[in-house]
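Letters go in sequence order (proteins before strands), and every chain restarts at 1.
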Amino acid sequence: MLPKAARLRSRADFSATTRGRRAARGALVVHLKVTGEGRPARAGFVVSKAVGGAVVRNRVKRRLRHLVAERIGAWEPGTDIVVRALPLAAGRDHTGLGADLDGALASARQPRKHGRERPK
RNA sequence: CGAGCAGGCCAGGCGGCCGCGGCGCCGCUUCGGCGGCGUCGAGGAACGUCCGGGCUCCACAGGGCAGGGUGGUUGUUAACGGCAACCCGGGGUGACCCGCGGGAAAGUGCCACAGAGAACAGACCGCCGCGGCUCGCGAGAGCGCGCGGUAAGGGUGAAACGGUGGUGUAAGAGACCACCAGCGUCCCGGGUGACCGGGACGGCUCGGUAAACCCCACCCGGAGCAAGGUCAAGAGGGACCUUCGGGUCCUGCGCGGAUGUUCGAGGGCGGCCCGCCCGAGUCCGCGGGUAGACCGCACGAGCCCAUCGGCGACGGUGGGCCCAGAUGGAUGGCCGUCACCCGGGGCAACGCGGUGACGCGCUCCGGGGACAGAACCCGGCGUAUCGGCCUGCUCGUCCA
RNA sequence: CGGGACGUGGCGCAGCUUGGUAGCGCACCCGCUUUGGGAGCGGGGGGUCGCAGGUUCAAAUCCUGUCGUCCCGA
């Protein structure tokens, strides 16, 4: 799992990260912000009451923490992410959540294109 | 063997890889932490928050009136609205189960519709007597008739002012009698008690509803671990120093308005009134600051075993054990395997039964494993829960 | 942690205080009106009163438990 130092633990950290880039995939929404500071990367999780009861919420959180822990070493220092779980995440298994997380991260890392591509 | 009743228990096991939090020891450290080893790490409901207590702070001067809760008895307990045993009423063939189970002759209210009449009741039909009229020779019969008697019968209703049989009567009626049911008073016996059993007498019968108001008995200070405490930080103001960035010390939000200081604001004594006490601030608006750490906080009405008392809830004694403490919130993630349950396929092999189809064990495949996450602690209650196990008991059927 | 409100046809609400008939608006169906539609007029259908138990002759209403939703204070 993630040690304490690698987790976002205050309201201020969460707000700062949430104002960064955002991407959604499947049951997850990921906020990403590269601060450029020299400390290790950190992650935070938001699982609201809409996802389920305490048992379901804890299970989702624990799975996400493990998934992030497997990936966090590869990120550049100073990166903060916030992973928010949608109600769909309650029925998602480990593999499914991993796919959602990777997809959302890849999408968030891509530089945002200005304007939308209009369909022909 | 089949139905069923009651009580209790479990909450998958093992292994691999990768992790998280607390505590202890050791080592390193730039004093922020890091590493290693050891050890501990969710529940029977941790849940809902329906009760009761511990603990902490506030208050303690009482009186009256309101308010809330409980409601068979006796126990049990720190306490309870819990639990145990028993009593009463109801249900079941039975084991057993269910009951907010005080008072309706203290008072008030309500009882729709139907029905003649619904609470110190009521003559619609019927029944009976007298009178009237009609018919008939007459005995008598009849009536959309009048006056009176009558609560036995009909019908309505949840409920119609005791039941059955007789005496009696014009017809009837507890008007009277016998038995039965119920009520009240007294006596005897049993029980700590609720109450039970028996007897005598009485008037003969007095509806339901208090989960309607109410009456009676008993109980009840207010808040809540964001309780409460220690420390740090802080905006503004003042003084001093200054290299004009700031630093040190003291005090500790600033501004405006209302009201008040023995002619007393405001607060406290759970609410109101009286009374008493403390007493110089209190309230409103605008603007600003803080949002940290530690203690409380894990030895407790604690758990396990034995034994004694008690029908039991429970209590006494002795021995052993230390058993979660997070704070964007740890106690896990992934995989394998073995047992368990469900569904489907197969007899190719083995075992049992059957002539056999096949069934069971077996084997192959697929699926399932619930309800649910500590947040100051404890005792209960209530609710959710895939399934499995144990003990005692009841009824039915068959065999000996 | 403490306190409060609500649940009634498809939707939004009354009725609960003082227990006996569940009502209103929109929507739906049928008819009239119109060339047709809308509007209007007339008629009609539709409700386990969140769930379970209890009190009562009788419960949407009273009591207890339970489920869900929402709000307020610290």
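Between A:L64 and A:L28, some side-chain heavy-atom pair lies under the 4.5 Å cut-off. Side-chain contact between A:L105 and A:W75 is present, with heavy atoms from C-beta onward closer than 4.5 Å.
Summarising the geometry, the separation between CZ on A:R57 and P on B:A372 is reported as 13 Å, rounded to the nearest angstrom. Between A:H94 atom NE2 and B:C17 atom C1' there is a gap of 13 Å when expressed in whole angstrom units. Between A:R59 atom CZ and B:U331 atom P there is a gap of 13 Å when expressed in whole angstrom units. The distance between atom NE2 of A:H66 and atom C1' of B:G333, rounded to the nearest whole Å, is 4 Å. Remark: P of B:U331 and NZ of A:K61 are 10 Å apart, rounded to the nearest angstrom. In this structure, CG of A:L67 is placed 9 Å from P of B:C334, rounded to the nearest angstrom. If you take CG of A:L64 and P of B:A330, they are 13 Å apart, rounded to a whole angstrom. Between the CZ atom of A:R62 and the P atom of B:A330 there is a distance of 8 Å, given to the nearest Å.
Base pairing of B:A301: no nucleotide in any strand meets the Watson-Crick or G-U wobble criterion (both distances under 3.5 Å). Summarising the base pairing, B:U39 is matched to B:G22 through a Watson-Crick or G-U wobble pair whose two defining distances lie under 3.5 Å. Using the Watson-Crick or G-U wobble rule with both distances under 3.5 Å, B:C133 pairs with B:G142. Pair check for B:C55 finds B:G224; Watson-Crick or G-U wobble, both atom distances under 3.5 Å. A 3.5 Å limit on both hydrogen-bonding distances identifies B:G345 as the Watson-Crick or G-U partner of B:U363. Base pairing of B:U261 is not made with any nucleotide, judged by Watson-Crick or G-U wobble geometry with both donor-acceptor distances under 3.5 Å. Using N1 to N3 plus N6-O4 or O6-N4 for Watson-Crick, or N1-O2 and O6-N3 for G-U wobble, each under 3.5 Å, C:G36 pairs with nothing. With a 3.5 Å ceiling on both atom-pair distances, B:G172 lacks any Watson-Crick or G-U wobble partner.
Distance check on atom C1': B:U74 versus B:C188 gives 26 Å, rounded to whole Å. Taking atom P on both B:C127 and B:G153, the two are 16 Å apart, rounded to the nearest angstrom. Atom P of B:C295 sits at a distance of 26 Å from the matching atom of B:G224, rounded to the whole Å. Spacing between B:C347 and B:A42 at atom C1', rounded to whole Å, works out to 50 Å. A distance of about 11 Å separates the C1' atoms of B:A11 and B:C371, rounded to the whole Å. Comparing the C1' positions of B:U394 and B:U363 gives an interatomic distance of 43 Å, to the nearest angstrom. Atom name C1', nucleotides B:G117 and B:A141: the rounded distance is 34 Å, in whole Å. Across B:C98 and B:C213, the matching P atoms stand 29 Å from one another, rounded to whole Å.
Annotated as syn: B:G245, whose glycosidic dihedral is within 90° of 0. In this structure, B:G32 shows a glycosidic angle within 90 degrees of zero, which is the syn conformation. Here B:A42 is in the syn range [glycosidic angle within 90° of 0]. For B:C323, the base adopts the syn conformation, since its glycosidic angle falls within 90 degrees of zero. In this structure B:G174 sits in the syn conformation; its chi angle is within 90° of 0.
Contacts of A:R25 classified as side chain to side chain donor-acceptor pair (under 3.5 Å), with partners at least two apart in sequence or in another chain: none. For A:D80, the side chain to side chain donor-acceptor pair (under 3.5 Å) partners are A:R39, A:R42, not counting sequence neighbours.
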Short heteroatom pairs, N/O only, protein and nucleotides 325-328 of chain B, under 3.5 Å:
{"from": "B:U327", "atom 1": "OP1", "to": "A:K4", "atom 2": "NZ", "distance (Å)": "2.8"}
{"from": "B:U327", "atom 1": "OP1", "to": "A:R9", "atom 2": "NH2", "distance (Å)": "3.4"}
{"from": "B:G328", "atom 1": "O2'", "to": "A:L8", "atom 2": "O", "distance (Å)": "2.6"}
{"from": "B:G328", "atom 1": "N2", "to": "A:F45", "atom 2": "O", "distance (Å)": "3.4"}

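Although no hydrogens or angles enter the test, the distance criterion places a donor-acceptor pair under 3.5 Å between the side chain of A:R63 and the main chain of A:R92. Of the possible polar contacts, none joining the A:R22 side chain to the A:H31 backbone as a donor-acceptor pair under 3.5 Å is found.
The 5' end of RNA chain B is approached more closely, in terms of each residue's nearest nucleotide, by A:T95 than by the other of A:G53 and A:T95.
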For the pair A:V83 and A:L67, evaluate side-chain contact (heavy atoms from CB on, under 4.5 Å) and give the outcome as yes or no after the intermediate values.
CA-CA 11 Å; A:V83 182; A:L67 288 165; over 6 Å; no
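When the nucleotides B:A372, B:A42, B:G332 are ranked by their closest atom to the side chain of A:N58, B:A42 comes out on top. Checking B:A372, B:G332, B:A374 against the side-chain heavy atoms of A:V55 singles out B:A372 as nearest.
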